[in-house]
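Read through the structure below, which is laid out as structure tokens, and then see the notes.
None of these values were measured; they are calculated from a predicted model.
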Amino acid sequence: MKNILIINAHQFYKDYSEGKLNTTLVDIAKDEFESKGYTVKTTILDNGYDINEEIEKHVWADIIITQAPVYWFSTPWTHKKYIDDIFTNALSQEKLILDDGRSRTDPSKQYGTGGKMQGKKFMLSLTWNAPAESFNDDKQVLYEGKSVDDAFISITTNYKFCGSEILPSFSCYNVVKDPDIENDILKYKAHIKAL
């Protein structure tokens, strides 16, 4: 695998969320991959995008990483719009997916097997106000024992539906109330190296 697409899904909010950490994490990932000889392309959603160019970037990429803040328990709405734009148009062009995989003549074919992204990998990297203790603990009220990957199944399933392997996500926790950015950066570099 040599081609990496990094999508910066940060959505700017003045005086609240200006995107410095997400931009830093995109730059770190880009530097880490390029130091290993990989070719990296980036997309910054706040700068706008061309749908067909983004489809071609997805066709080209071996690994796709979405870097995003968590706004109200998901990625920003601009990221959902991006997903809808890219994959709806890719379906009509038969670029990333042909259909949902089912067949009237072969009932053994399952829903979610019509993708063309086999051999590709997808990863989420997220920045949260939530503390790490909120996850993987059934005593926690909000997520009731669920992991970050469970919480973001709606994003990862989109890529899995199209044939991608889903990699374990990465999260920077507590970035508003008790940030530990230096440690988060070290952990992120280690996470990337493990890919």
Side-chain angles (χ1 to χ4, degrees), residues 1-10 21-69 75-76 78-101 110-127 147-150 152-172 184-195:
M1 288 182 232
K2 297 281 183 188
N3 298 329
I4 313 295
L5 171 60
I6 305 172
I7 303 160
N8 185 342
H10 182 268
L21 178 55
N22 283 280
T23 298
T24 297
L25 294 171
V26 167
D27 291 343
I28 287 167
K30 186 175 187 292
D31 291 347
E32 289 292 316
F33 284 115
E34 286 179 343
S35 74
K36 297 196 175 351
Y38 292 9
T39 303
V40 179
K41 293 182 181 182
T42 59
T43 297
I44 302 169
L45 297 191
D46 264 355
N47 292 347
Y49 55 88
D50 176 271
I51 292 171
N52 290 322
E53 183 179 329
E54 293 305 307
I55 292 168
E56 292 307 318
K57 284 181 182 179
H58 276 73
V59 169
W60 166 85
D62 298 307
I63 298 175
I64 300 151
I65 299 172
T66 294
Q67 176 63 56
T75 58
T78 51
H79 181 243
K80 172 60 171 144
K81 181 182 183 309
Y82 174 84
I83 288 172
D84 288 352
D85 286 344
I86 302 316
F87 286 96
T88 301
N89 285 282
L91 174 61
S92 68
Q93 296 174 26
E94 297 186 350
K95 292 272 179 116
L96 303 173
I97 183 167
L98 294 173
D99 56 32
D100 70 13
Q110 292 188 27
Y111 180 70
T113 60
K116 294 177 70 176
M117 295 180 73
Q118 289 77 16
K120 296 180 183 294
K121 298 179 181 189
F122 176 75
M123 186 188 97
L124 274 171
S125 176
L126 304 165
T127 56
S147 69
V148 169
D149 292 328
D150 293 332
F152 276 83
I153 195 166
S154 65
I155 305 288
T156 58
T157 299
N158 183 76
Y159 281 86
K160 187 174 182 179
F161 184 79
C162 294
S164 290
E165 176 187 343
I166 306 304
L167 300 172
S169 65
F170 177 80
S171 288
C172 296
D184 287 337
I185 288 171
L186 292 174
K187 289 176 187 174
Y188 190 43
K189 287 180 178 181
H191 190 87
I192 290 169
K193 285 179 184 167
L195 296 178

Candidate pair D62 and K121, rule side chain to side chain contact (heavy atoms under 4.5 Å, CB included), full reasoning:
CA-CA 6 Å; D62 298 307; K121 298 179 181 189; over 6 Å; no
Might you work through the side chain to side chain contact (heavy atoms under 4.5 Å, CB included) test for I4 and K41, ending with a clear yes or no?
CA-CA 6 Å; I4 313 295; K41 293 182 181 182; over 6 Å; no
What is the distance from atom [atom1] of [X] to atom [atom2] of [Y], rounded to the nearest 0.5 Å?
X: T39; Y: L5; atom1: OG1; atom2: CG; answer: 12.5 Å
X: I86; Y: K81; atom1: CD1; atom2: NZ; answer: 9.0 Å
X: K36; Y: L195; atom1: NZ; atom2: CG; answer: 10.0 Å
X: H79; Y: I7; atom1: NE2; atom2: CD1; answer: 5.5 Å
X: H191; Y: F170; atom1: NE2; atom2: CZ; answer: 7.0 Å
X: S35; Y: F33; atom1: OG; atom2: CZ; answer: 9.5 Å

Name every donor-acceptor pair, under 3.5 Å, that has one atom in a side chain of residues 161-169 and the other anywhere in the protein, sequence neighbours excluded.
from: S169; atom 1: OG; to: D149; atom 2: OD1; distance (Å): 2.6

Under 3.5 Å, is there a donor-acceptor pair between the side chain of [X] and the main chain of [Y]?
X: T88; Y: D85; value: no
X: T157; Y: K160; value: no
X: Q118; Y: G115; value: yes

[X] vs [Y] side-chain heavy atoms within contact, under 4.5 Å:
X: I63; Y: F122; result: no
X: K189; Y: I28; result: yes
X: Y38; Y: N3; result: no
X: E54; Y: D50; result: no

Test log, rule side chain to side chain contact (heavy atoms under 4.5 Å, CB included), inputs I6 and T43
CA-CA 6 Å; I6 305 172; T43 297; over 6 Å; no
Looking only at non-hydrogen atoms, find the nearest pair between [X] and [Y] and report the distance.
X: Y188; Y: I65; result: OH-CG2, 4.1 Å
X: G37; Y: K2; result: O-CD, 4.4 Å
X: I55; Y: A90; result: CD1-N, 3.6 Å
X: A9; Y: T78; result: O-OG1, 4.3 Å
X: P76; Y: P69; result: CD-O, 3.5 Å
X: T75; Y: A68; result: CG2-CB, 3.7 Å

*Please identify each residue that fulfils ring pair (Phe, Tyr, Trp, His ring centres under 6.0 Å) with F87, with sequence neighbours left out.*
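F87 satisfies ring pair (Phe, Tyr, Trp, His ring centres under 6.0 Å) with H58, Y159 once adjacent residues are dropped.
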I'd like to know if the side chain of N8 pairs up with that of Q67 as donor and acceptor (distance under 3.5 Å, no hydrogens or angles considered).
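Result is no, nothing qualifies.
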Check your understanding: With a 3.5 Å cut-off and no angle check, do the side chains of D150 and S147 form a donor-acceptor pair?
Key ->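 Distance-only check passes for D150 and S147.
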Reference residue K116; test side-chain contact (heavy atoms from CB on, under 4.5 Å); the match among I97, L96, L98: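 That would be L98.
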If you count the non-hydrogen atoms of other residues, nucleotides and ligands that lie under 6.0 Å from CD in Q93, is the total more than 12?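 Counting other residues, nucleotides and ligands, CD of Q93 exceeds 12 neighbours.
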Side chain to side chain contact (heavy atoms under 4.5 Å, CB included) between T42 and V26: does it pass, once the steps are laid out? CA-CA 8 Å; T42 59; V26 167; 4.2 Å; yes
